[in-house]
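Below is one structure, written out as structure tokens; the observations come after it.
Keep in mind it's a predicted model, so treat the numbers as computed, not measured. Just so we're on the same page: letters track the sequence lines, and every chain starts at 1.
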Amino acid sequence: MSGINSSKLIQWFNQVKRDLPWRKTKEPYAIWVSEVMLQQTQVITVIPYYLRFMKRFPDLFALAEAEQEEVLELWRGLGYYSRARRLWEGARYVVQMTEGRMPENYDALLTIKGVGEYTAAAIASIAYEERVPVMDGNVKRVLSRILRWEEDVEKARSRRFFLEYLKEVIPGDCPGDFNQGMMELGATVCTPKNPRCEQCPLQEDCESFALGDPQVYPVKKSKEKPTEAFRPTLILLHRGQVLLKKRPTTGLLANLWEFPGEEMMIPSLEKFREGKEWYGLYKNQISDPTYDEIVKELLSRNPSVKGPLVHTFSHRRWQMVWVVLDLDDVIDKSSEVRAGKDSQLKEDGLCWMDVKELDRIALPVAFQKIWTKLQER
DNA sequence: AATTCGGGGAG
DNA sequence: CTCCCAGAATT
């Protein structure tokens, strides 16, 4: 193997690197936050989230002292919400175990939940200049082109080979710049489509450039299509408030808020479109009997079923339909009906929220879409 | 080894 | 539309 000209890469990196907020520091905590946010998320998306997050939680202690709820609120819209929970848990773990001193090497960093091989290597190499290679999507693409790697880059064999290769070529000085250089190269020059080979500092090392076929790499098998589902949703309004429900602590959109409803298979969509089945859904979601009669009355008036509005996740696709039930259309002595009932609602994770608060809480984008649509009238 | 975790940028 | 993104944990 010919190898990578690491000094040329590092020199290139220091000339052209983008001016990013997390490159102004070598604080391991700050690097940690940035690396977690950058998991499966593009730089341009992360920047505003990172700035807000670091302003609110400037150090490990600020984060460790916070409520999980507030961390999720700041994470809203960024996706992969378990990252936020684990970052928060990790901060508390470090504060508790070592009085807030970050683990100072790759192996120790790995003991933090939510810190995997990539993130541990990134923090160790950038903050501590430890000679450990990172491997992310950028690095896989760059290496697959340099080596003309014909196997699926997602396979374990590929990963092992790339890591062994990188261990050989990563330099002892400025390993962090080498790692960031590889990623910067993938992000700005060795891009998935139309790579800018004329700008590449590793052009002479690149077998696929020599043979003129960089665009055929990396080899990977095509992805599965998202599973189709639909999502009937109840919008209950009452005196300027809307009924929200806390999602389960695991799985999709864990610990976030939603409008009551549940995911179902597509075949049952028609019944909901026809206005049937909504009361069954309601009782399924809201065991508290307080509003049963009112909801029955409102549903008997055949409220129009709105939607569908489509929201796509990585491997699931929701067709969302919803009905709006304004309790004020039935009640005039409303304060009386609600008095003393909130405690019962709480057992279902339910909560009346001021409409004004909706843009502050951790409400997933899927439900923001519904609310936005609903406001347009 | 394969699945499950979001949401948005770019072409 | 499709593909991909400074991945990690679970099964």
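Within 4.0 Å (heavy atoms only), Val115(A) reaches sugar-phosphate atoms of the nucleic acid but no base atom. Within the nucleic acid shown, Arg23(A) comes within 4.0 Å of at least one base atom, counting heavy atoms only. Nucleic acid contact for Ser222(A): none, since no nucleic acid atom lies under 4.0 Å from a heavy atom of the residue. Nucleic acid contact for Trp75(A): none, since no nucleic acid atom lies under 4.0 Å from a heavy atom of the residue.
Taken to the nearest 0.5 Å, the OG1 atom of Thr119(A) stands 12.0 Å off from the CD1 atom of Ile31(A).
Listed pair Arg316(A) / dC5(B) meets the phosphate criterion, a side-chain N or O lying under 4.0 Å from OP1 or OP2. Residue Ser34(A) has no polar side-chain atom (N or O) positioned under 4.0 Å from OP1 or OP2 of dA6(C).
Side-chain polar atoms of Ser300(A) and Asn302(A) form no donor-acceptor pair below 3.5 angstrom. Under 3.5 Å, the side chains of Arg83(A) and Thr41(A) contain a donor-acceptor pair of N or O atoms.
Remark: Arg159(A) is not positioned above the aromatic ring of Phe162(A), lacking an NZ or CZ atom under 6.0 angstrom from the ring centre and at most 45 degrees off the axis.
Lys140(A) has its NZ atom 8 Å from the C1' atom of dG7(C), to the nearest Å. The CH2-C1' distance, from Trp318(A) to dC5(B), rounds to 13 Å in whole Å. When the C1' atom of dA8(C) is taken as reference, atom NZ of Lys113(A) falls 13 Å away, rounded to whole Å. Protein atom CD1 of Ile123(A) is 13 Å distant from nucleotide atom C1' of dA8(C), rounded to whole Å. Leu143(A) places its CG atom 14 Å from the C1' atom of dA6(C), with the value rounded to the nearest Å. Here the C1' atom of nucleotide dT10(C) and the NE2 atom of His315(A) are 12 Å apart, to the nearest Å. The distance from atom CG of Leu163(A) to atom C1' of dA6(C) is 15 Å, rounded to the nearest whole Å. Rounded to an integer number of Å, the gap from Asn255(A) CG to dC5(B) P is 13 Å.
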Output a table of nitrogen or oxygen pairs between the protein and nucleotides 1-3 of chain B separated by less than 3.5 Å.
{"from": "dA2(B)", "atom 1": "OP2", "to": "Lys155(A)", "atom 2": "NZ", "distance (Å)": "3.3"}

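Using the six-membered ring where Trp is involved, Trp149(A) and Phe161(A) have ring planes that are parallel, under 30° apart on the 30 and 60° scheme. In this pair, Trp32(A) and Tyr29(A) present their aromatic rings perpendicular. The plane angle is above 60°, beyond the 30 to 60° band.
When each of Arg18(A) and Arg86(A) is assigned the nucleotide of DNA chain C with its nearest heavy atom, Arg18(A) is the one assigned upstream, toward the 5' end.
When hydrophobic side chains of Ile, Leu, Val, Met, Phe, Trp and Tyr are connected at separations under 4.5 Å, Val216(A) ends up clustered with Tyr217(A), Val219(A).
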message = Pair Arg23(A), Glu184(A) - check salt bridge (charged side-chain N to carboxylate O under 4.0 Å, His left out), show working.
response = CA-CA 12 Å; Arg23(A) 287 184 176 161; Glu184(A) 188 84 352; 2.8 Å; yes

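The salt bridge (charged side-chain N to carboxylate O under 4.0 Å, His left out) with Glu151(A) is formed by just one residue from the set Lys140(A), Arg160(A), Arg157(A); it is Arg157(A). Among the candidates Ile294(A), Ile235(A), Leu299(A), the single residue satisfying the side-chain contact (heavy atoms from CB on, under 4.5 Å) test with Leu325(A) is Leu299(A).
Rounded to a whole angstrom, the distance from the P atom of dA9(C) to that of dG8(B) is 24 Å. dA8(C) and dG9(B) are spaced 23 Å apart, taking the P atom of each and rounding to whole Å. The separation of dG6(B) from dC3(C), taken at their C1' atoms, amounts to 15 Å, rounded to a whole angstrom.
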query = Could you run down nucleotides 6-11 of chain B 5' to 3' and tag each one B, S or - for protein heavy-atom contact under 4.0 Å?
reply = BBSS--

